[in-house]
Amino acid sequence: MKQETKRYLITAALPYANGLKHIGHLAGAYLPADTYVRYLRAQKRDVVFVCGSDEHGTAIPIQAAKEGITSQEMIDKYHPIIAQNFADLGISFDIYHRTSAPIHHETARAFFEKLNNAGELITKESEQYFDEAANSFLADRYIKGTCPNCSNPGAYGDQCENCGKSLSPDELINPVSTLSGNAPIKKNTTHWYLPLDKHESFLKEWIVGEHGNDWRSNVVGQCKSWIDGGLQPRAVTRDLDWGVKLPSNVKGGEGKVLYVWFDAPIGYISATKQWALDNGKDWRPYWEDAGTKMVHFIGKDNIVFHCIIFPVMLKLYGNILPDNVPANEFMNLEGDKMSTSRNWKLEMQDYIDDFIKPENGGTQMADVLRYYLTQIAPESKDSEFTWKGFQDANNSELVSIFGNFINRSLVLMHKLCKGKVPPLHTTILDDLDRATIEAISAAKDRITHLLEEYKFRDALFEVINLARTGNQYMQKKEPWIIAKRQTVDGELLTVDQQLIDNCLHICLQLTANLAILINPFLPFTAKKICYLLKVVDKILDWENAGSMKLLSVGYSLRAPELLFRKIENEEIEKQVEKLKTASEAKGQELRDTGSEIRVSDIKIKNEIQFDDFAKIDLKVGTIVSAKKVEKADKLLQLQIDLGFETRTIVSGIAMHFKPEEIIGKQVTVVVNLAPRKMRGIESNGMILMAEDASGKLYFIQPSTTIDNGSGIS
RNA sequence: GGCGAGGUAGCUCAGUUGGUUAGAGCACAGGAUUCAUAACCCUGAGGUCUCGGGUUCAAAUCCCGAUCUCGCUACCA
């Protein structure tokens, strides 16, 4: 049974404090969340909007080491910048907290403790890479090696930054500790796990059963896929010294911290607690009372945490569950996906520097970005930011339709109504007047409905459409024509003045309504309209939308000022140029450091004796046939003629070679390697390959063709 | 390979439980107008709804197959 909503708790994904955030993040989570929250506040609902920096995890110390600073210095550097970026763009968190705060550490520890004491966590011993020189277990990030996917020699144990593939340290070829440069050894360690598999049926019932229809299809589909695939216990702790330490009374917990995915979402709770402390409120109902509607705004990369893992944690702890998780897809930029490593991105900071700083445009330009990002929000599929699209949205919608309507209303009012709000002469209202007035409340209803369903782009379209209705109305009324119908002595007939009054009265009330309706989306613009109309911000309360009594008759208004400026071709050309230059510079830098990595980071393996080497039997063979292995993207099944026999070898080179183009090539084969089954095919040996810095593979072969079966030593 | 999400006008996207000539915005063309940031307003052109089968009186919509894009995942001695 669904409870009546008494209060709202809105969260936006915690930004990871290891660098600046780009507009893809903004469009995916923070902007829709802010729009929704501003709408709720205008509805005078009880709402708290929490967010904050995610400051734990291994990437922080890694990045800090790169920059030559401590982890603490690192988060102290990025936290305030990101917070300020959000503020500059009008993202109105009630609190922008941080997970390094003591209250968060306490909260997260208590969470772990309660679950652990209740027996909801299990412990498992496992082998982890350990650096003997540094006397430390190695987090995935601290292990480097060759990427099995793209052969990049600088891949990390959790992910290859060259090809983007997620990895586990065991997959790396030639793993090396980044602490000492030595090859790590495996050592036993105990960790706590959250047994997600125990909660599959609950999750399925809750997501597919309860929310199969009101959650977005991409969210439900992804969750279903995870659940049906079977969930695994997930490690809650890590061997690391940066993060939330385990409670001191937990046996075997020394030197371990909570895994960042576990403590990060708890950051929503600790942020709420801090907000309550700051504002003399009680945080508990927001997390414990069934009358709270909790909504998580995230990007699609975060679905598993907010729909599977965190809900299990919340349920076990006795908290409420999210009512919805409107995850957005990704936003591409000028034809390519946004990427920090390739520097193909538009950071909030860059936009702020180029457009929002007072000398470059001011806050109106924050709203322009908000407008375009909402208009192209990836609500149901990946979308694309282009500078041309940005320019078009601004010039032909904000400037030409929305801004222009308000501007011409004010200009005409000053010219034809002496700068005051004219009266409404109800006796001469016609059908068009009445239809226009009705259109306002109809638009409000549609917008309200769409916002409640998280359909922000549609809702925004309705607002612009209302301005369009205003333009149409004015065009049909043509008050400037009526104004020319003067009598011989240069005066207007009373009835003509009344017609003009009615037109502009309606246009001005419509303008005030536009301020209310645009406010959740473009808050700076709404305020500016209030300023022009000389009304207080209080008028922006949602209940006032639809009213035709927002402006008092006879009240004198300010001289018109433009709400938006045009964006010229040169400006966007400059941005496109900047984007390309930055990514090319980054590409060059990667190529440069790439070769450095090869010199400094590729370690020679431990010394061996000749006998060790002599165990390996290498022979020359020729590929006589090759075909793709079914149901495997990377495997080729090869027949190798070794002179004395022809044998089957399965090799993971399908991404690099087409079967037909390698037939006849001579190769080097390890012929005494133990057989191994792959995808059901037994592989008897291994083909040796060389790889260059870019990850391209080459066969190792004799300088001229020689007899198959020739030995190599 | 498996799973999930998509493939609709030049571009960005809507299309509710299958139902008359498939919609909107932008861009484009023509017209009208001048209060307005050469803005607004009206009209128009435009799509074998990725392709191929099937179910149905009727399919963009349901089923099967193919194909492409994005994501997750498996295979890499």
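Model, not experiment: these values are computed from the prediction. Only heavy atoms go into these numbers, but all of them, side chains included; no hydrogens, no water, no symmetry mates.
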Using a 4.0 Å heavy-atom cut-off across all strands, classify [X] as base, sugar-phosphate, or nothing.
| X | answer |
| --- | --- |
| A:Ile481 | sugar-phosphate |
| A:Leu688 | nothing |
| A:Ser683 | nothing |
| A:Glu329 | nothing |
| A:Val650 | sugar-phosphate |
| A:Val399 | base |
| A:Lys484 | sugar-phosphate |
| A:Phe405 | nothing |

Taking atom [atom2] of [N] as reference, at what distance in whole Å does atom [atom1] of [X] sit?
| X | N | atom1 | atom2 | value |
| --- | --- | --- | --- | --- |
| A:Phe461 | B:G23 | CZ | P | 15 Å |
| A:Arg676 | B:A77 | CZ | P | 8 Å |
| A:Leu504 | B:A36 | CG | P | 13 Å |
| A:Lys476 | B:C41 | NZ | P | 10 Å |
| A:Asn404 | B:A39 | CG | C1' | 5 Å |
| A:Asp392 | B:C28 | CG | C1' | 13 Å |
| A:Lys677 | B:A74 | NZ | C1' | 17 Å |
| A:Glu682 | B:C75 | CD | P | 19 Å |

Who does [N] pair with, Watson-Crick or G-U, both distances under 3.5 Å?
| N | result |
| --- | --- |
| B:U67 | B:G7 |
| B:U12 | B:A24 |
| B:C72 | B:G2 |
| B:U56 | none |
| B:G18 | none |
| B:U34 | none |
| B:G47 | none |

(message) Angle between ring planes, A:Trp215 versus A:Trp206, binned at 30° and 60°: parallel, tilted or perpendicular?
(response) perpendicular
(request) Return the orientation label for the A:His296 and A:His306 ring planes: parallel under 30°, perpendicular over 60°, tilted otherwise. (result) perpendicular
(message) Could you tell me if the side chain of A:Glu210 sits less than 4.5 Å from the side chain of A:Ile207, heavy atoms only?
(response)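 SC-SC contact between A:Ile207 and A:Glu210 ruled out.
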(message) I want to check something: taking the side chain as every heavy atom from C-beta on, are A:Leu638 and A:Val650 in contact at a cut-off of under 4.5 Å?
(response)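 The answer is no, as the side chains (C-beta and beyond) never meet within the 4.5 Å cut-off.
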Distance between the [atom1] atoms of [N] and [M], in whole angstroms?
| N | M | atom1 | result |
| --- | --- | --- | --- |
| B:G7 | B:G47 | C1' | 14 Å |
| B:A60 | B:G52 | P | 13 Å |
| B:U67 | B:C51 | P | 16 Å |
| B:G6 | B:U48 | P | 24 Å |
| B:G23 | B:G4 | P | 32 Å |
| B:A24 | B:G46 | P | 14 Å |
| B:C49 | B:G18 | C1' | 14 Å |
| B:U50 | B:G10 | P | 13 Å |

Side chain of [X] - closest among [options]:
| X | options | value |
| --- | --- | --- |
| A:Ser380 | B:A14, B:A36, B:A77 | B:A14 |
| A:Lys300 | B:G71, B:C26, B:C40 | B:G71 |
| A:Arg408 | B:C40, B:G71, B:C13 | B:C40 |
| A:Asn471 | B:C40, B:C70, B:A27 | B:C40 |
| A:Ser396 | B:U12, B:C26, B:C35 | B:C26 |
| A:Ser225 | B:A36, B:C76, B:G4 | B:G4 |

Between [N] and [X], is there an OP1 or OP2 to side-chain N/O distance shorter than 4.0 Å?
| X | N | result |
| --- | --- | --- |
| A:Ser217 | B:G6 | yes |
| A:Ser383 | B:G6 | no |
| A:Lys381 | B:G7 | yes |
| A:Lys337 | B:G71 | yes |
| A:Arg468 | B:C26 | yes |
| A:Arg216 | B:A5 | no |
| A:Lys566 | B:A38 | no |
| A:Gln222 | B:C3 | no |

Note: [X]-[Y] ion pair, threshold 4.0 Å (strictly below):
| X | Y | answer |
| --- | --- | --- |
| A:Lys345 | A:Glu334 | no |
| A:Lys300 | A:Asp382 | yes |
| A:Glu329 | A:Lys381 | no |

(message) Please evaluate residues A:Asn471 and A:Arg408 with respect to the criterion side chain to side chain contact (heavy atoms under 4.5 Å, CB included), reporting the C-alpha separation (whole Å), side-chain torsions for both, the decisive distance (0.1 Å), and the verdict.
(response) CA-CA 9 Å; A:Asn471 278 321; A:Arg408 66 200 295 215; 2.8 Å; yes
(message) More than 12 heavy atoms of other residues, nucleotides or ligands under 6.0 Å from CD of A:Glu682: yes or no?
(response)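 Enclosed: over 12 neighbouring heavy atoms sit under 6.0 Å from CD of A:Glu682.
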(request) Return the 5'-most residue of the pair A:Gly221, A:Lys455 with respect to RNA chain B, ranking by each residue's nearest nucleotide. (result)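 On the 5' side of the pair lies A:Gly221.
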(message) Closest-nucleotide mapping onto RNA chain B: is A:Asp382 or A:Glu397 further toward the 5' terminus? I mean the 5' end.
(response) A:Glu397
(request) May I ask you to check whether A:Asp433 and A:Tyr473 show a side-chain donor-acceptor distance below 3.5 Å? (result)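 Yes, because at least one side-chain N or O of A:Asp433 sits under 3.5 Å from a partner of the opposite role on A:Tyr473.
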